[in-house]
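Reminder, nothing fancy here: chain letters follow the sequence lines and each chain counts from 1.
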Amino acid sequence: MFSSVHNPRFLLLHYRWPNLHCPPKPHLQTTAVKALHISQTLTLSSTPTSSPPSQILTIRESLLSRRTTAVELAADYLNRLRRTEPHLKSFLHVSDTVLKEAEEIDQRIQRNEELGPLAGVLVAVKDNICTADMPSTAGSRILEGYRPPFDATAVRKLKESGAIVVGKTNLDEFGMGSTTEGSAYQVTANPWDLSRVPGGSSGGSAAAVSARQCVVSLGSDTGGSVRQPASFCGVVGLKPTYGRVSRYGLVAYASSLDVIGCVGSSVADTGIILHTISGHDRFDATSSKLHVPDFTSQFISKDLLESKPLKGLRVGVIRETLDDGVDPEVISLVRGAASHLEELGCIVTEVSLPSFSLGLPAYYILASSESSSNLSRYDGVRYGNQVVADEINSLYGDSRAKGFGSEVKMRILMGTYALSAGYYDAYYKRAQQVNVNLAGLPALVLPCGFVEGGSTCLPVGFQMIGAAFDEEKLLKVGHIFEQTLQGCSFVPPLVADDFTC
Amino acid sequence: MALSFFRGIQSRPFLLYPSGFFPRKHALFYCTMKSTQTQIATHEKQEPQLKVSTQSKRLDKISKDFEAVIGIETHVQLSTITKAFCSCAYNYGSQPNTTVCPICMGLPGALPVLNSKVIKFAVKLGLALNCKLSLNSKFDRKQYFYPDLPKGYQISQFDVPIATGGFIDLDLPVEYGGGHRRFGITRVHMEEDAGKLLHTGNGSYSEVDLNRAGVPLLEIVSEPDMRTGIEAAEYAAELQRLVRFLGVSNGNMQEGSLRCDVNVSVRPIGQLEFGTKVEVKNLNSFSAISRAIDFEISRQVLLHNEGESNQIVQETRLWDEGAQKTVTMRKKEGLADYRYFPEPDLPEVILGNEYIDGIRDSLPELPEMKRRRYEQMGLSMQDVIFLANDINVADFFDATIAKGADVKLAANWIMGDIAAYMKNEKLSVNEIKLTPQELAELIASIKGGTISGKIGKEILFELMAKGGTVKGLITEKDLVQIVDPVEIQKMVDKVIAENPKQLEQYRGGKTKLQGYFAGQVMKLSKGKANPGLLNKILLEKLNAKS
Ligand SMILES: [Zn+2]
């Protein structure tokens, strides 16, 4: 069953802890909106649309036909990156070997050697995903300057497919946050409005794709960290089923919820990236051995679509996600997206999940409990920043006091409390019993329209949740939705002039 | 166990206990060629001596009113090729931090993946300890900060251990009064080892060696069923035998492959509730276990007798080998909160019945089964305990009798000359050149009269040192015993004829000279004359009226 839900992170606003800082920047979804002309989006039209093509396929085609070179492509992206980065600050580290790697690809093309499917594709990697030749700080001071001796499995697979890692993107420290303001290093701006946040915690990855600083990016999603920034930045965010992608090399936040996800400017690109990084990994015991289908094989070109391409597909709209507190214009955009699905042949019904409200508190207990444990290894003894002290307890205390930001400290305290003797049953165990199944299911966030955000338009995304390990269907539906959505171009004005898709 | 180190039969020389119970006595048993019976007699004679120590005396006096309650937690390091959660090897004594990887160093992003051998070994030991296996168990994180613990938590098992509710059978050594004991096993669980801290010379800082981090361990928790230091030491020794028989660990205490922490409390006899328990650590040998417990019992009983039982507090004490006493390491300030929770990086451990049955069917004969079998073969408990102590010795013995050797004779040879040789040469039974086949042949050759016992002994040493076959050596050295009375008579006649003076003295009443004549004849026969026949014929000739 498909359910079209509002991004769970939006609910964050209503469940924040009392002493949490108030975001200094307004969130997109709380601003006044200009409703999209919904009827426009619902008609299946045969007129040319602005539906985003796969950049990955376009790059491959232009390289193989020798219309352009990998170096030219890379230089194009790097120029845009250099121009926009002072405003956006989406990267914590930019690789200095991009052009060299692109050159090698061009040489391969000249020698008529086989090209990996992602040859010449610039990928940005969230900085909590390990890369052997670049720093990996997870946005934390405690890992300042830390360079892992290995590539995360997902990164290794991307490289093996020919992708070029362009750099490491900013995030809330250890992925704990939803604005990317929690980074210990810098604040990333939203490409649609530089005064606003890009969402988080994968804010850097979403902003980088949105501003076309890279083709695609890897993020990580524990409680919405790929989906929510994708929505904020008007890009496609894919959170795969837990276990679909190896977590080896992903700096752990909450191990039983953490998933590496993909951000792209089209459904096709996220599908191609997912296919590249999926599969069982002998270095991750929780990675699934299930067969990985070619997610893109079911994509149907718009010209070949029937009038009701999604006929019979049942979609549930979760009532609890469209309740009070959500911006009415956002609600109407999401309802519009649901109507669009109906137009495409889906059977859309509104459903109620009474336990939905328990999901968030349960998530916070589980995530902070696991994070309090996962972050124990940052003790200043083996790597990262060490504060010299006369005895070991001061070394621990001072290194951690100086190395962790306040949000991280709070979650460690909360998690330690929840796991303590006498409280374990009341918190951790009870939280485990809540049906937080949603956390493990795959989800796709697609831009579905705009709201007015003061001087500029702001994109709005909606989320579709699928059955476990059925990303294929999600992507197929998303691809059809994307192609039939009219009148929307999700390239921010910041780069619209020099980026033609 | 006790016997084993008196005689020194161990598969590895370094497993001998240099500070065994009573190291002074070792030499006594290796210099002579006494039969087993003689050796037993020696032991028994020494028994009173063994118990003479100030501690034991004091214990004897007070133990009438008090009873000690002892439980043991044992950590067994598994001899898997790779560590529990990564592909690093572990070799004791490697240069610090040379067998490490991102996983066992706890680097960010690294994940554990369980080595399936750990489960196999745990199931083996669980079955051997007569435990109930959990078909569905899991790993948990035990959280505490220590520099040798790279992740800030130890992967262990908390509320659902892989095996529970078993027992272990053992036989106490005869010199400690003998007797069969059955001690309860509370649980067996899997966990990973931590690294080691290396303290620098001036003590101003320490260094961390993570070679050992992530090495698989099984923790075995006993019921508080033991009452004396000897019982506890024997429990540990039986566990060591068990893990060695099963091949799951080298069980070496000096290397730390088998580590015992004991909990000791005393209570007035008749009292149901336990006294305050004290944990004792740093026990690097079975004798240390025994002596530390006996010390601790007398310390606690003394405090009781002096009306100061409130001085017995829940604490961890260290055994000081030099001072032969326990000293306070740390007092417990409330229970440590390890904040256990299920390890999210590892799937549950699910055992299938087929898997368990497969392992059960492949279990070797265990020490207890061996002892009962040897007992039924008519061997004395001394022999039984000795032979079943070391799996290699037991295998050697079994192979020898499988070749048809007399059970008792085979036992005597192995426990006597062979054990002595191995001890002197610091060799294990697998390292000597003698094969069970040839030992059986040797025993048969003596029993059948082909060679004398004395020549048999000479051949034995040659076989142990250089190898070869009994038949080959007999032919090569022309060692076949002379059993032909005519031939012996000829030699007797010759010796008597060559020693007229001695003959005169003999006949004059100095009958002791018979030994001299026998020796001369034996010399003439190059030791090959059958001694019985020789003496019979010699006596006839010497006493004959000429
Ligand atoms: Zn390792």
Side-chain angles (χ1 to χ4, degrees), chain A residues 128-130 136-138 140 143 146 148-153 174 246-252 254-258 281-287 366 369-370 372-384 390 392-393 395-396 400 415-424 428-429 432, chain B residues 84-87 97 100-116 138-155 158-159 195 197 199 203-210 213 334-349:
Chain A
N128 62 348
I129 300 172
C130 288
S136 302
T137 68
S140 180
L143 282 175
Y146 173 72
F150 63 96
D151 275 327
T153 300
F174 288 108
S246 167
R247 289 185 294 121
Y248 189 73
L250 169 64
V251 175
S255 314
S256 62
L257 303 170
D258 292 343
D281 179 15
R282 64 188 184 90
F283 289 111
D284 178 1
T286 62
S287 68
L366 296 178
S369 296
E370 290 186 15
S372 74
S373 172
N374 284 326
L375 268 51
S376 302
R377 66 184 63 191
Y378 307 106
D379 56 8
V381 171
R382 293 167 309 284
Y383 44 77
D390 286 341
I392 188 66
N393 282 324
L395 186 150
Y396 284 153
R400 288 166 70 82
T416 304
Y417 178 82
L419 289 176
S420 294
Y423 299 97
Y424 180 85
Y428 188 82
K429 238 185 175 157
Q432 269 197 318
Chain B
F85 303 113
C86 64
S87 54
N97 298 313
V100 292
C101 73
I103 297 164
C104 56
M105 283 194 292
L107 294 191
L111 296 171
V113 176
L114 180 64
N115 177 349
S116 61
K138 64 186 170 75
F139 284 98
D140 301 279
R141 292 184 182 178
K142 177 182 181 176
Q143 312 192 66
Y144 62 95
F145 283 96
Y146 205 65
D148 67 5
L149 191 68
K151 298 188 293 296
Y153 55 84
Q154 177 193 31
I155 302 179
F158 178 48
D159 50 345
L197 288 191
H199 302 287
S204 65
Y205 65 95
S206 300
E207 294 171 316
V208 184
D209 173 11
L210 293 179
L335 277 175
D337 184 357
Y338 292 117
R339 305 193 315 280
Y340 282 99
F341 79 103
E343 167 58 275
D345 289 333
L346 291 168
E348 288 188 332
V349 178

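The greatest number of non-hydrogen atom pairs below 4.5 Å with chain B, out of A:Phe283, A:Tyr383, A:Tyr428, is found for A:Tyr383. Between chain B and the options A:Gly384, A:Ser256, A:Ala421, heavy-atom pairs under 4.5 Å are most frequent for A:Ala421. Per-residue counts of heavy-atom pairs under 4.5 Å with chain A were compared for B:Cys86, B:Ser87, B:Gly109; the largest is that of B:Gly109. Each of B:Pro342, B:Pro344, B:Pro108, B:Gly152 has some count of heavy-atom pairs under 4.5 Å with chain A, and the biggest count is that of B:Pro108. The candidate with the highest count of non-hydrogen atom pairs below 4.5 Å against chain B, out of A:Asn128, A:Ile129, A:Asn393, A:Thr416, is A:Thr416.
Proximity to chain B (any heavy atom under 4.5 Å) is shown, for A:Ala152, by neither the backbone nor the side chain. A:Leu375 does not touch chain B: none of its heavy atoms, backbone or side chain, sits under 4.5 Å away. Both the backbone and the side chain of A:Arg247 come within contact range of chain B, each with at least one heavy atom under 4.5 Å from a heavy atom of that chain. In this structure, chain B has heavy atoms under 4.5 Å from both the backbone and the side chain of A:Asn374. If you measure heavy-atom distances from A:Ile392 to chain B, the contacts under 4.5 Å come from the side chain alone. Interface remark: B:Leu210 contributes side-chain atoms only to the contact with chain A (heavy atom separation under 4.5 Å). Using a 4.5 Å cut-off between heavy atoms, A:Tyr146 contacts chain B through its side chain alone, with no backbone atom that close.
Note that the CG atom of B:Leu111 and the OG atom of A:Ser287 stand 9.0 Å from one another [nearest 0.5 Å].
Residues A:Tyr424 and B:Asp337 form no side-chain contact, since every pair of their non-hydrogen atoms from C-beta on lies 4.5 Å or further apart. The shortest distance between side-chain heavy atoms of B:Phe341 and A:Leu366 does not fall below 4.5 Å. Side-chain contact between A:Pro149 and B:Pro102 is present, with at least one heavy-atom pair separated by less than 4.5 Å. At a threshold of 4.5 Å between non-hydrogen side-chain atoms, the residues A:Leu419 and B:Tyr340 do not count as touching.
Partners of B:Arg339 under the salt bridge (charged side-chain N to carboxylate O under 4.0 Å, His left out) rule, at least two apart in sequence or in another chain, do not exist in this structure. Here A:Tyr378 pairs with A:Phe174 under the ring-ring contact (aromatic ring centres under 6.0 Å, His included) rule; sequence neighbours left out.
Heavy atoms from other residues, nucleotides or ligands lying under 6.0 Å from CG of A:Asp390 number 12 at most. Under a cut-off of 6.0 angstrom, the local environment of OH in B:Tyr144 is crowded, with over 12 non-hydrogen atoms contributed by other residues, nucleotides or ligands.
Using modelled atom types, no side-chain atom of B:Arg141 and backbone atom of A:Ser373 make a donor-acceptor pair closer than 3.5 Å.
Note: A:Tyr396 and B:Phe145 have tilted aromatic rings, judged against thresholds of 30 and 60 degrees for the angle between ring planes.
Scanning both residues, B:Pro147 and A:Val381, for their nearest heavy atoms gives O-CG1, 4.4 Å. Minimum heavy-atom separation, A:Arg382 to B:Met105: NE-O, 3.2 Å.
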